[in-house]
Amino acid sequence: MNQYACEHAMSCERITAHFQGIWVPMVTPFRDGAIDFDAAQRLASELAASGVNGLVVCGTTGEAAMLSQAEQGRLLDSVLEAVGPHFPVVMGIGGSDTRAVTAAVQRYHDHPLAGLLISAPAYVRPSQEGIVRHFQAIAAATDHSIVLYNVPARTGVQITTATAALLARDSHFVAIKEAGGQLDQFGQLLRDTHLDVLCGDDALLLASLSMGAHGAMSAAAQVRPDLYAQLYDLVKANRHADACALFKTMLPAIRLLFAEPNPGPIKAALAMQGKLHDELRLPMTPMSGAGQQKLAQALEPMLALPCWQGSLKTLC
């Protein structure tokens with residue numbers, strides 16, 4: 001049995017009924033080819049105290065595809081230990097074989113998670129019926145809440161609004177991370193489903209929040225998480241002029257943080273802040289030298305912004 005099963009069994013305090021606000025998909029720090037668990041715990045603790053609403057472990061940004069099953073489990077355990085039993089953590093799980101993904105979700109049955117982030121099967125490009133049956137099989141194998149992840153640029157297939165609405169009839173499915181790059185999809189999901197809709201495209205963050213998105217799962221947020229929390233609070237308070245001004249300052253850095261394959265630029269930025277070693281696992285590579293020079297310049301105005309004190313948890 002997992003070490004958390006007895007001490008931190010899933011409680012109403014741990015389970016997140018709604019996925020709203022800013023959630024951060026963490027990078028996985030490496031040093032000399034191995035996971036740097038100390039850096040991961042420090043990063044998780046800082047993020048949990050920054051005003052964001054939750055963390056994602058082993059998402060795309062976490063280079064999950066390059067981690068072994070054992071490494072994924074150890075990384076999750078280390079993050080849960082760092083943030084404590086009451087801060088929401090989501091585990092990312094992906095794969096093309098329904099049986100393998102189903103087996104993977106069962107490994108986390110005893111972990112006190114807010115939910116599982118699961119993308120559509122990649123590469124095989126199933127029909128919408130195949131996507132529905134894939135997720136239904138997964139839901140039948142877990143008691144955890146499920147956040148759908150629509151990222152067609154990576155999977156090669158779209159989770160349509162109709163498919164999301166159909167799956168949402170099952171109470172396991174509570175939210176969707178929408179990273180299809182189309183604002184009309186946000187509108188359709190908000191109108192036609194009761195899922196919490198989270199922005200997965202950082203450049204569309206302000207637009208999606210202004211449309212009524214419930215929040216975001218933002219990889220770039222870990223560079224200045226308090227500013228993302230501030231942007232969310234400003235939009236919710238209908239302070240749109242202030243939100244626009246803030247986002248205008250953030251946008252140049254956001255664009256460069258995704259100018260090269262993720263998470264290379266984000267790790268580069270975190271390394272500039274002294275939070276981890278700038279190391280990735282192949283086939284992912286560090287950000288180019290020219291890219292890092294541009295990123296360092298773009299980060300200066302954003303890093304110079306005052307710390308947002310909207311949350312008592314905020315640390316600067």
Side-chain angles (χ1 to χ4, degrees), residues 21-27 43 46-47 50-53 56 59-63 151 153-154 177-183 186 198-211 213 215-237 239-276 278 280 284-311 314-316:
I22 303 300
W23 293 68
V24 181
M26 287 180 54
V27 299
L43 181 60
E46 290 177 7
L47 289 169
S50 69
V52 302
N53 298 85
V56 180
T60 303
T61 302
E63 297 174 78
V151 56
R154 292 188 181 275
K177 178 181 178 181
E178 174 54 41
Q182 302 294 326
L183 285 174
F186 278 101
L198 303 172
C199 176
D201 291 295
D202 285 54
L204 299 179
L205 178 59
L206 178 58
S208 63
L209 290 176
S210 299
M211 290 177 63
M217 283 188 171
S218 166
Q222 60 202 299
V223 177
R224 271 297 300 266
D226 62 302
L227 296 183
Y228 282 74
Q230 179 182 10
L231 185 72
Y232 176 81
D233 288 349
L234 289 172
V235 173
K236 292 302 177 183
R239 293 173 57 185
H240 295 291
D242 291 334
C244 287
L246 173 60
F247 192 66
K248 184 177 180 181
T249 303
M250 296 166 62
L251 189 56
I254 288 174
R255 287 175 171 158
L256 283 169
L257 286 167
F258 296 98
E260 296 183 25
N262 180 48
I266 294 172
K267 280 193 166 181
L270 292 172
M272 292 174 194
Q273 295 174 287
K275 296 183 177 181
L276 49 75
D278 189 10
L280 293 86
M284 306 311 297
T285 55
M287 191 179 199
S288 66
Q292 291 203 33
Q293 289 181 351
K294 294 178 182 178
L295 178 60
Q297 293 177 346
L299 284 172
E300 286 183 6
M302 189 171 81
L303 295 178
L305 290 172
C307 185
W308 172 243
Q309 299 290 344
S311 169
T314 300
L315 295 178
C316 296

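All residue numbers refer to positions in the sequence shown, counting from 1. Predicted model only: the values in this text are computed from it and were never measured.
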Enquirer: Is it the case that more than 12 heavy atoms not belonging to Lys248 sit under 6.0 Å from its NZ atom?
Expert: no
Enquirer: Would you indicate whether Lys294, at its atom NZ, is surrounded by more than 12 heavy atoms from other residues, nucleotides or ligands within a distance under 6.0 Å?
Expert: no
Enquirer: When you compare the side chain of Leu280 with that of Pro263, does any pair of heavy atoms fall below 4.5 Å?
Expert: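 With C-beta onward as the side chain, the pair touches.
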Enquirer: Should Met272 and Leu295 be marked as a side-chain contact (heavy atoms from CB on, under 4.5 Å) after you check the CA-CA gap, both sets of side-chain angles, and the distance that decides it?
Expert: CA-CA 10 Å; Met272 292 174 194; Leu295 178 60; 4.2 Å; yes
Enquirer: About how many Å separate OG of Ser208 and CG of Leu198, when rounded to the nearest 0.5 Å?
Expert: 9.0 Å
Enquirer: Take Leu246 and Leu305 through the test side-chain contact (heavy atoms from CB on, under 4.5 Å) and record every step on the way to the result.
Expert: CA-CA 9 Å; Leu246 173 60; Leu305 290 172; 3.7 Å; yes
Enquirer: Of all the heavy-atom pairs spanning Ala219 and Phe258, show the shortest one and how long it is.
Expert: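 In terms of heavy atoms, the two residues are closest at CB-CZ, 4.3 Å.
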Enquirer: Ala304 and Arg224: which non-hydrogen atoms are nearest, and at how many Å?
Expert: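 What the structure gives for the nearest pair is N-NH1, 4.5 Å.
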Enquirer: Please find the pair of heavy atoms, one from Met211 and one from Phe186, that lie closest to each other, and give the distance.
Expert: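 Shortest heavy-atom contact: CE-CB, 4.1 Å.
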Enquirer: For the atom pair CG (Leu209) and CD1 (Ile22), what is the distance rounded to the nearest 0.5 Å?
Expert: 6.0 Å
Enquirer: Measure the spacing between CG of Leu303 and CG of Leu227 and express it to the nearest 0.5 Å.
Expert: 8.5 Å
Enquirer: Using a 3.5 Å distance criterion without hydrogens, assess whether the side chain of Asn53 forms a donor-acceptor pair with backbone atoms of Trp23.
Expert: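 Answer holds: no.
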Enquirer: Only one of Asp202, Thr60, Thr61 passes side-chain hydrogen bond (donor to acceptor under 3.5 Å, both in side chains) with Asn262; say which it is.
Expert: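 Looking at Asp202, Thr60, Thr61, the match for Asn262 under the side-chain hydrogen bond (donor to acceptor under 3.5 Å, both in side chains) is Thr61.
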Enquirer: Run the side-chain contact (heavy atoms from CB on, under 4.5 Å) check on Tyr228 and Val52 step by step: do they pass?
Expert: CA-CA 8 Å; Tyr228 282 74; Val52 302; 5.7 Å; no
Enquirer: With the side chain counted from C-beta on, respond yes when Val235 and His240 share a heavy-atom pair under 4.5 Å apart, and no when they do not.
Expert: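 The answer is yes; the side chains approach within 4.5 Å.
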Enquirer: I'd like to know if the side chain of Glu260 and the backbone of Ser288 have a donor-acceptor N/O pair within less than 3.5 Å.
Expert: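 Indeed, once roles are kept as given, a pair shorter than 3.5 Å links the two residues.
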Enquirer: Indicate the atoms forming the closest heavy-atom contact of Ala229 with Gly51, along with that distance.
Expert: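 Where Ala229 meets Gly51 most closely, the heavy atoms are CB-O, 3.6 Å.
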Enquirer: Report the C-alpha separation of Leu206 and Met250 in whole Å, then their side-chain angles, then the decisive distance to 0.1 Å, and conclude whether the side-chain contact (heavy atoms from CB on, under 4.5 Å) test is met.
Expert: CA-CA 11 Å; Leu206 178 58; Met250 296 166 62; over 6 Å; no
Enquirer: Under 3.5 Å, is there a donor-acceptor pair between the side chain of Gln222 and the main chain of Pro25?
Expert: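 Judged by distance alone, yes, a pair lies under 3.5 Å.
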Enquirer: Could you tell me whether the side chain of Val223 reaches within less than 4.5 Å of the side chain of Met302, counting heavy atoms only?
Expert: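 With C-beta onward as the side chain, the pair touches.
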Enquirer: Can you name the closest pair of heavy atoms from Ala269 and Leu257 and give their distance?
Expert: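 Minimum heavy-atom separation between Ala269 and Leu257: CB-CD2, 4.0 Å.
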Enquirer: Can a donor-acceptor pair be found, under 3.5 Å and without considering hydrogens, that links the side chain of Asp226 to the backbone of Trp308?
Expert: yes
Enquirer: Would you compute the distance between atom CE of Met287 and atom CD of Gln293 and round it to the nearest 0.5 angstrom?
Expert: 10.5 Å
Enquirer: Between atom CG of Leu299 and atom CD of Gln292, what is the distance when rounded to the nearest 0.5 Å?
Expert: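 It is 10.5 Å, given to the nearest 0.5 Å.
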Enquirer: Looking at Ala243 and Leu231, what are the two nearest heavy atoms and their distance?
Expert: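 Scanning both residues, the minimum pair turns out to be O-CD1, 3.3 Å.
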Enquirer: Rounded at 0.5 Å granularity, tell me how far CG in Leu276 sits from NZ in Lys267.
Expert: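 If we round to the nearest 0.5 Å, Leu276:CG and Lys267:NZ are 7.0 Å apart.
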